[in-house]
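Worksheet: one structure, shown below.
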Amino acid sequence: MSKQLQVDVAIIGSGTAGLAAWRTASKQGKKVLLIESGPLGTTCARVGCMPSKLLIAAADSAHAVRQATGFGVQPGKLTIDGKAVMQRVKSERDRFVSLVIDSIDSIPAENKLSGCARFVDTNTLMVDEHTQVTATSIVIATGSRATYPNDWQQLGDRLVINDDVFAWDDLPKSVALFGPGVIGLELGQALHRLGVKVWMLGRGGKLGPFTDEKVMDYAQTLFSAEFYLDTDAKVQRMHRVGEQVEIEFTDPEGVNEAILVDYVIAATGRRPNVDKLGLEALDLALDEKGTPVVDAHTMQTSMAHIFLAGDASNLLPLLHEANDQGRIAGDNAARFPQVLPGFRHSTLSIVFTSPQIAMVGESYQALELRSQQGGQHSSESGTCFAVGEASFEDQGRSRVMRRNQGLLRVYGELVTGRFLGAEMIAPEAEHLAHLLAWAHQSEMTVAQMLTMPFYHPVVEEGLRTALRDLNANLKLGSAIEDRCMECGVGD
Ligand SMILES: Cc1cc2nc3c(=O)[nH]c(=O)nc-3n(C[C@H](O)[C@H](O)[C@H](O)COP(=O)(O)OP(=O)(O)OC[C@H]3O[C@@H](n4cnc5c(N)ncnc54)[C@H](O)[C@@H]3O)c2cc1C
Ligand SMILES: NC(=O)c1ccc[n+]([C@@H]2O[C@H](COP(=O)([O-])OP(=O)(O)OC[C@H]3O[C@@H](n4cnc5c(N)ncnc54)[C@H](O)[C@@H]3O)[C@@H](O)[C@H]2O)c1
């Protein structure tokens with residue numbers, strides 16, 4: 001006979017979204033239960049944001065040493081100690097995980113339950129086979145997992161995902177990395193810079209998070225010059241040969257190739273963990289991928305008392321999004337049935353390659369779609385937005401640092417001049433993107449952004465060039481100024 005529990009709010013998953021939901025729901029004095037199947041510590045700290053950035057930090061340092069000769073600094077022969085690299089990645093990662101576990105430990109025992117939850121009916125969850133939980137409202141915050149073609153399983157332990165990479169004790173000699181998306185680019189470039197031979201193979205020509213083809217093409221040229229990259233690989237055969245994998249494929253020039261690699265890394269996308277929740281027991285509206293449809297402002301599903309947050313939703317799978325969504329879902333689950341729309345930040349995503357990649361506000365593709373649908377302020381040519389751009393190849397500070405590669409495209413609304421979004425691959429993109437996201441959230445016009453201070457010589461002067469170009473193309477202000485050498489070679 002299973003144990004019975006009755007609570008106000010049940011939260012499934014104690015990742016970033018679940019913990020945020022726990023904090024907001026419990027502040028309202030309700031009886032809240034956090035259910036976790038384990039392992040504890042969040043995807044971000046265990047196998048996501050933090051270990052990937054630790055690996056990238058090691059790669060950046062190797063890259064800086066290689067680049068030093070370009071400044072006349074001769075650092076001598078570079079040696080990479082793979083065991084030491086992985087040891088630091090894991091020990092720092094464990095430190096981050098322990099901080100999360102400390103905060104979970106501080107949650108009272110009666111508010112936590114260990115086990116895998118699934119729905120029995122609209123208000124009842126079965127946790128493993130030991131406890132039945134009845135809740136007035138429920139937050140699904142179960143995260144996501146890596147997904148790849150089923151037949152790759154025949155590669156056994158030579159097939160790995162991001163989780164496995166961060167468990168390595170040493171760096172391998174070679175990998176074939178499938179999926180030049182966000183995870184693929186970050187891991188692939190880092191491994192390459194740490195001396196691992198990398199073949200990066202994609203499907204359908206897609207690269208990174210870009211929707212603006214001009215920026216994507218620029219990035220493709222840049223990464224292809226650094227490591228093997230085929231964004232539309234024609235793979236004929238992939239099979240295990242001893243402790244390695246042989247891959248037969250046709251390269252972009254039509255030449256047949258066969259390579260042997262130590263590992264195949266699957267970075268071919270992630271899917272929300274909602275398929276084993278017993279959702280079939282509910283009359284819940286699902287999208288075409290089988291994920292519950294959710295209101296992005298209230299985080300409510302089609303069943304008013306069931307909320308969804310974080311990677312478990314089909315919204316943007318990012319840490320700060322999981323945090324925002326969890327906060328809103330937890331708050332509304334506790335105040336149910338009086339739900340309120342929660343505050344959402346402007347869209348911001350950063351990929352920690354070098355140069356870095358960033359997306360802010362509305363994507364180029366979203367704006368094109370808005371134009372096609374005859375969006376507000378559509379011009380005679382059928383678009384509702386103008387584009388400005390700047391190259392970083394000749395940008396003052398970027399050249400000083402020998403990091404003068406990059407392209408920034410900014411979008412603004414015709415008629416109103418409002419800043420709408422940006423896509424970029426650029427030096428210091430993480431900082432440029434924050435400035436732009438703040439401007440986007442403040443609903444600034446491009447002209448207002450141009451009245452803001454710009455120091456000299458800084459990479460942000462490249463941003464000003466793009467904004468000036470956009471302002472001219474919006475036909476609301478003066479055309480782009482010629483380079484003003486007396487003002488300093490910043491733009
Ligand atoms: C390699 C990598 C790098 C990343 N880098 C970044 C980055 O730099 N910046 C960024 O913003 N984002 C990054 N992300 C994305 C970010 O990590 C995720 O968006 C975020 O961690 C999602 O949090 P979550 O709470 O939704 O999921 P999770 O943290 O995965 O939490 C879900 C929890 O639910 C539990 N669970 C699942 N099913 C059940 C069940 N049935 N019953 C009970 N418990 C269950 C799981 O065990 C898990 O603990 C990265 C992701 C990866 C994989
Ligand atoms: N810096 C960050 O913020 C960061 C870092 C890592 C991950 N993330 C989050 O995690 C999410 C998931 O990342 P991801 O890289 O797994 O997904 P993704 O969708 O970004 O990339 C998957 C890639 O795999 C390709 N692909 C799919 N099937 C393939 C196949 N059979 N062969 C070859 N290529 C194939 C796709 O075309 C795509 O390019 C991201 O959307 C992002 O939100 C964020």
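Each ligand, and each atom within it, is numbered from 1 in the order the structure gives.
If you number the atoms of ligand 1 from 1 as listed, the ones under 4.0 Å from a heavy atom of Gly310 come out as 26 (O). Listed by atom number, the atoms of ligand 2 under 4.0 Å from Phe352 heavy atoms are 1 (N). Shown in contact with Ile35 at under 4.0 Å from a heavy atom are these atoms of ligand 1, numbered in order with element: 43 (C), 44 (N). Of all atoms in ligand 1, listed by their number and element, those nearer than 4.0 Å to a heavy atom of Ala141 are 32 (C), 33 (C), 34 (O). The contact set between ligand 1 and Val47, taken as ligand atoms under 4.0 Å from a residue heavy atom, comprises 1 (C). Of all atoms in ligand 2, listed by their number and element, those nearer than 4.0 Å to a heavy atom of Gly202 are 33 (C), 34 (N). Of all atoms in ligand 1, numbered sequentially from 1 with element shown, those under 4.0 Å from a heavy atom of Phe352 are 8 (O). Remark: ligand 2 atoms within the under-4.0 Å shell around heavy atoms of Glu186 are 1 (N), 2 (C), 5 (C). In summary, the atoms of ligand 1 found under 4.0 Å from a heavy atom of Gly13, numbered by their order in the structure, are 33 (C), 34 (O), 35 (C), 44 (N).
Residue contacts with ligand 1, taken as heavy atom pairs separated by less than 4.0 Å, involve Leu277 solely via side-chain atoms from C-beta onward. Using a 4.0 Å cut-off between heavy atoms, Pro317 contacts ligand 2 through both its backbone and its side chain. Of all the heavy atoms of Arg270, the ones lying under 4.0 Å from any atom of ligand 1 belong exclusively to the side chain. Only the side chain of Ser52 comes within 4.0 Å of ligand 1, judged by heavy-atom distances. Counting heavy atoms under 4.0 Å from ligand 1, residue Ser349 does not touch it at all. Counting heavy atoms closer than 4.0 Å to ligand 1, residue Asn162 contributes side-chain atoms (C-beta onward) but none from N, CA, C or O. Looking at Lys53 against ligand 2, only its side chain comes within 4.0 Å, counting heavy atoms. Contact annotation for Leu319 and ligand 1: heavy atoms of both the backbone and the side chain come within less than 4.0 Å of the ligand. Contact annotation for Leu201 and ligand 2: only backbone heavy atoms (N, CA, C, O) come within less than 4.0 Å of the ligand.
Ranking the protein heavy atoms by distance from atom 12 (C) of ligand 2 puts Arg270 CD, 3.9 Å first. Counting protein heavy atoms only, atom 17 (O) of ligand 1 is closest to Cys49 SG, 3.5 Å. For atom 21 (O) of ligand 1, the closest non-hydrogen atom of the protein is Cys44 N, 3.5 Å. Atom 26 (O) of ligand 1 has Asp311 N, 2.8 Å as its closest protein atom, hydrogens excluded (heavy atom only). The nearest protein atom to atom 7 (C) of ligand 2, hydrogens excluded, is given as Ile183 CG1, 3.3 Å; this is a heavy-atom distance. Taking atom 31 (O) of ligand 1 as the reference point, the nearest protein heavy-atom neighbour is Gly15 CA, 3.2 Å. Remark: minimum distance from atom 27 (O) of ligand 1 to any protein heavy atom is reached at Gly143 CA, 3.3 Å. Protein heavy atom closest to atom 8 (N) of ligand 2, with residue, atom name and distance, is Val182 CG1, 3.8 Å. Looking at atom 8 (O) of ligand 1, its nearest protein heavy atom turns out to be Lys53 NZ, 2.7 Å. Considering only non-hydrogen protein atoms, atom 47 (O) of ligand 1 sits nearest to Glu36 OE2, 2.5 Å. Scanning all protein heavy atoms for the shortest distance to atom 28 (P) of ligand 1 gives Thr43 OG1, 3.5 Å.
No close placement of the Tyr148 and Phe178 rings is indicated, their centers lying 6.0 Å or farther apart.
Among Ser144, Gly181, Ala233, the residue whose heavy atom lies nearest to atom 39 (O) of ligand 2 is Gly181. Taking all heavy atoms of Ala17, Gly48, Gly38 into account, the minimum distance to atom 24 (P) of ligand 1 is reached by Ala17. Around atom 15 (C) of ligand 1, the closest heavy atom drawn from Ala312, Pro317, Ala322, Ala309 belongs to Pro317. Residue Ala267 holds the heavy atom nearest to atom 22 (C) of ligand 2 of all those in Ala267, Gly179, Gly184, Gly204. Of the listed options Thr268, Asp311, Leu348, Thr268 places a heavy atom closest to atom 26 (N) of ligand 2.
Phe343 and His345 have perpendicular rings, their planes meeting at more than 60° on a 0 to 90° scale where under 30° would count as parallel. The aromatic rings of Phe249 and Tyr228 lie perpendicular to each other, with more than 60° between the two planes, well past the 30° mark. Relative ring orientation between Phe419 and His440 is described as perpendicular, the plane-to-plane angle rising above 60° on a 0-90° scale split at 30° and 60°.
Two residues are said to be in side-chain contact when any heavy atoms from C-beta on lie closer than 4.5 Å; Val245 and Tyr263 fail this criterion. Counting only heavy atoms from C-beta outward, the side chains of Phe307 and Val339 approach each other to under 4.5 Å. Side-chain contact check for Asp212 versus Ser363: every heavy-atom pair is 4.5 Å or farther apart. A 4.5 Å side-chain heavy-atom check between Val261 and Gln244 finds every atom pair outside the cut-off. Under the 4.5 Å side-chain criterion, counting only non-hydrogen atoms from C-beta, Leu5 is not in contact with Thr134. Side-chain contact between Met238 and Leu155 is present, with at least one heavy-atom pair separated by less than 4.5 Å. Taking 4.5 Å as the limit, every side-chain heavy atom of Arg203 sits out of range of all side-chain heavy atoms of Lys206. Leu348 has its side chain within reach of His434: a pair of non-hydrogen atoms, C-beta onward, lies under 4.5 Å apart.
Remark: the Ser91 side chain and the Asp94 side chain contain no N/O donor-acceptor pair separated by less than 3.5 Å.
No heavy atom of Val182 sits closer than 4.0 Å to any atom of ligand 1. Look at Gly269 and you'll find a heavy atom under 4.0 Å from some atom of ligand 2. Gly115 counts as a contact of ligand 1, since one of its heavy atoms falls under 4.0 Å from the ligand.
There is a protein heavy atom closer than 4.0 angstrom to atom 16 (O) of ligand 2.
Crowding of Trp438 atom CH2: a count of heavy atoms from other residues, nucleotides or ligands under 6.0 Å not exceeding 12.
Not one N or O of Ile12 is nearer than 3.5 Å to an N or O of ligand 1, by distance alone. Polar contact check, Ile350 against ligand 2: a nitrogen or oxygen pair lies under 3.5 Å apart. Residue Thr16 has at least one N or O atom closer than 3.5 Å to an N or O atom of ligand 1. Taking only nitrogen or oxygen atoms, main chain and side chain alike, Ser37 reaches within less than 3.5 Å of ligand 1. Of the polar atoms of Trp152, none of the N or O atoms is found under 3.5 Å from an N or O of ligand 2, judged by distance alone.
In this structure, CG on Leu207 lies 9.0 Å from CG on Asp217, to the nearest 0.5 angstrom. A distance of 8.5 Å separates CZ of Arg403 from NE2 of His63, quoted to the nearest 0.5 Å.
At least one test fails for Arg46 against the ring of Phe166: distance under 6.0 Å to the centre or angle within 45° of the axis.
Between Arg118 and Asp128 there is no salt bridge, since none of the side-chain N atoms of the basic residue sits less than 4.0 Å from a carboxylate O of the acidic one.
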